[in-house]
Protein chains: 4
Amino acid sequence: MREAAVLPVQDEEARSGGRKPGRPRSERAERAILDAALELFGESGVAGVCIEAVATRAGVGKATIYRRWPGKQDLLLDALSTLKSPLPEPHGESVRDDLLAILRVMVSDMADPVRARRFTLLLGEGEAHPLLMARYKERVVEPRRDVIRSVLRRGIASGELRRGIDVETAMLMLTGAVVACGRDIRPLPEDFAERLVDEALLGLVHRPAVR
Amino acid sequence: MREAAVLPVQDEEARSGGRKPGRPRSERAERAILDAALELFGESGVAGVCIEAVATRAGVGKATIYRRWPGKQDLLLDALSTLKSPLPEPHGESVRDDLLAILRVMVSDMADPVRARRFTLLLGEGEAHPLLMARYKERVVEPRRDVIRSVLRRGIASGELRRGIDVETAMLMLTGAVVACGRDIRPLPEDFAERLVDEALLGLVHRPAVR
Amino acid sequence: MREAAVLPVQDEEARSGGRKPGRPRSERAERAILDAALELFGESGVAGVCIEAVATRAGVGKATIYRRWPGKQDLLLDALSTLKSPLPEPHGESVRDDLLAILRVMVSDMADPVRARRFTLLLGEGEAHPLLMARYKERVVEPRRDVIRSVLRRGIASGELRRGIDVETAMLMLTGAVVACGRDIRPLPEDFAERLVDEALLGLVHRPAVR
Amino acid sequence: MREAAVLPVQDEEARSGGRKPGRPRSERAERAILDAALELFGESGVAGVCIEAVATRAGVGKATIYRRWPGKQDLLLDALSTLKSPLPEPHGESVRDDLLAILRVMVSDMADPVRARRFTLLLGEGEAHPLLMARYKERVVEPRRDVIRSVLRRGIASGELRRGIDVETAMLMLTGAVVACGRDIRPLPEDFAERLVDEALLGLVHRPAVR
DNA sequence: CAATAATCGAGACGGTACGTCGCGTCTTGGG
DNA sequence: CCCAAGACGCGACGTACCGTCTCGATTATTG
């Protein structure tokens, strides 16, 4: 993750025309580095992405990389970062549709091998770089969970869902299943979101479905 | 994976009381190596388990390690295998009880910060060490999943669970929720296994519970 | 060596009061750079004088240094040139007095620990920086030797010294002794210049002194 | 200078048959490193001797070099170390002959460019590595000075030299001249030792030579 | 007064060498 | 045949400076 990204400034340069002194960082170099990192990642996986190789292939000094990213993992994270898929706004017509919408986004994120790899990588670094992890959760994980929580709460309020639901546990079941499935089963079943939502809505016990 | 393990068993010791010539391998060394590997893994993850560090901490020569395991991953796998909690044998009295039994074991594994940390580290570094990950799944993860699968199947067969259940998806919901919870919520709620099983059994939709 | 120094003098300022257009170079910056270079040299020798460190300590951009001196050696040479004690003009009354005058200056240079350290550092690193060494000799060492040479030659011409003297060898004996003494014996004997001159004048062999 | 050389053990291995555990250091590697260093030194001087280049040319890992020498200078010192020329035993027949004998050795040491370079290098490092310098003085410099001192004292005692001689100053004149000359004048005059001794013996003042 | 032009500080650029660390292998003497 | 110790060649690590460059800002002279 770029250092600059830590600052709460959405537009780094446009603040009252001010700019940092000194020669500005080269966008060409930045693109070349990220491209080289992605190429190497595609060729030989995480292990193949060594800073020296990235620098050589990008035609860049090592310092130019370390100026931007503190280490290999952070570079990889940025390189693998395609922008997070936009969250669907729940329409509110039915709980099932709303859950499906958000879970489909999550499933398709996990289905993309690059995104999945990035996610897994991030998880692994979570222990070593708690701040990184915290930011990732705050920006990516929790917004999605919030959508699910609000859909469930709305469903309870509207009477569509039963009153006794433990919202947090239910949410963890849904998101946890996506992550667990994405980690293990390649390729992901296309209809996994549907199966998941239906299973969760119906429960396991044997009785006539009410709706 | 020990090299010896690929040889037929009788070649090792059962040759009519005969033994291989030369000095036998030291069990002390073996235990010391495994313990050192676990300690280091707990402290700094896969990356922290360098053979040199293991050898130093175990008070052992590096060759003594390589004589037994071909590489870091194989050593780690053996080391981590000693950790898995014993699986409860499902009694078969009720699906709920059987699920609770296995999920309680998993929750309590995740509740132990040391074990949880080890698990998270392993998960995260799975991408970087795919072989290690694969073997860990084969030895630790899948046996647990198999217990859940069989409980669910038995429940369907006995009529206790409804027929249409997607066993795989249901299993992923249960185990995924435990992992997701263990990763995020510290300390884990004591009754998480109960809440999870009940939520899963009942489903979310509003209708009178049948059992 | 300053670039400007290669230009004819009148091009710089004497053009009927005219000046070069643009912002003139800051004398403050120049002094700060030279001072910083000297400080760093005194602290850690030639190796310690890195342009980056000089720039930082002088509060100056690196380009401001490179605009004036083509490299480290040239900067150092200019910096060290500001240090040489002024040479005494030989009065010509007696060879002994003239030699004493110049040797006293050299001895007192070596007696000052800071100057001596600088000199020793410079000598030692001469091999690694031959250009710097050559220029230092040309600017600092040789002028002093020339004084001694001319004193000796004048002494021979006036009949004060014997005709057969090997001027070069005699000069090396005198200056070499000062350097050797300055390197080894701390603090220097106060009367070392006198002892040296007398010993050299008298020679070692046993016979009645003539003068 | 090799680390081992600091220890006061003259024979590193032969003490009571004991030997350090582990694989012994390869003499092949050591020779290859020293040869490579000398080659590079001959090709491009001190600046050309970078550890990476030495390692590559010697077909050796960098660590193998750093295991033996703490840094570039120390490696160079060892590489350039031809054994110090043996000191001539003064015959005692005449002061002039005895001085000539020892000074000729010193002059020929300085005349050899490799030895001279090594000496100059060492001097330069003296400030940075005082212990190294001290050992060098103790082992090489002082023994030579002692020879000169004793020759001078014997000359005074025998009446060959005048009584008032300042032995230390005279010694510094002789040795200092050799060093100063060796540093500046390449190639050294072949008869420099003779000229030096004669000049010192006769002195500078004009009077009939006594002997 | 405005335009021009050189210098200022700051700092990024592509490089090179540094000294360290861990890898997996090899080589000792001794149990 | 195993053990501990530790050296081996290798290669990536992250750092420090090199000498060059590119910024916006500053400061004189010139038109």
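All chains are named by letter (A, B, ...) in the order of the sequence lines, taking the proteins before the strands, and each is independently numbered beginning at 1. As the structure is a computational prediction, the values presented were derived from the model and not from experiment.
- Ion pairing between A:E30 and A:R25 fails under the 4.0 Å rule for side-chain N and carboxylate O.
- Taking atom CZ on A:R57 and atom P on E:dG14, their separation rounds to 17 Å, with Å as the unit.
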Report task. Take C:T64 and C:R67 through the test side-chain contact (heavy atoms from CB on, under 4.5 Å) and record every step on the way to the result. Result -> CA-CA 5 Å; C:T64 304; C:R67 212 172 282 123; 3.9 Å; yes
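- Look at A:R68 and you won't find any side-chain N or O under 4.0 angstrom from OP1 or OP2 of E:dG11.
- The minimum heavy-atom distance between D:R68 and D:A29, with the atom names listed, is NH2-CB, 4.3 Å.
- As a whole-Å value, the separation of A:L76 CG from F:dC13 C1' is 15 Å.
- As a whole-Å value, the separation of C:I65 CD1 from E:dT7 P is 15 Å.
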Requested in this report: Please test D:L34 against D:W69 for side-chain contact (heavy atoms from CB on, under 4.5 Å), starting from the C-alpha separation and ending with a verdict.
Outcome: CA-CA 11 Å; D:L34 290 171; D:W69 296 276; 3.8 Å; yes
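- When rounded to the nearest whole Å, the span between CD1 of C:I33 and C1' of E:dC8 equals 11 Å.
- Rounding to whole angstrom units, CZ of residue C:R25 and C1' of F:dT26 are separated by 16 Å.
- Proximity of a side-chain donor or acceptor of B:R31 to a complementary backbone N or O of B:E27 within less than 3.5 Å is not detected.
- Surrounding CD of D:E43 are more than 12 heavy atoms belonging to other residues, nucleotides or ligands, all under 6.0 Å away.
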**Report entry** Contact pattern, 5' to 3', of nucleotides 15-20 of chain E - B, S or - by protein heavy atom under 4.0 Å
**Finding:** B-SBBB
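- B:R57 and B:E52 are not joined by a salt bridge, as no carboxylate oxygen comes within less than 4.0 angstrom of a charged side-chain nitrogen.
- Residues A:L75 and A:I51 are in side-chain contact: their nearest non-hydrogen atoms beyond the backbone lie under 4.5 Å apart.
- In this structure, A:E30 places its CD atom 12 Å from P of E:dG14, rounding to the nearest Å.
- Between A:G61 and A:A55, the shortest heavy-atom contact is C-CB, 4.3 Å.
- The shortest distance between the side-chain N/O atoms of B:T64 and the OP1/OP2 oxygens of F:dC2 is not below 4.0 Å.
- The rotation axes computed at either terminus of the helix from E:dC1-F:dG31 to E:dG31-F:dC1 lie 10° apart, taking five pairs at each end and rounding to 10 degrees.
- Evaluation of atom-type donor-acceptor distances gives no pair under 3.5 Å for the side chain of A:R23 against the base of E:dC13.
- With rounding to whole Å, D:R28 atom CZ is found 14 Å from E:dT27 atom C1'.
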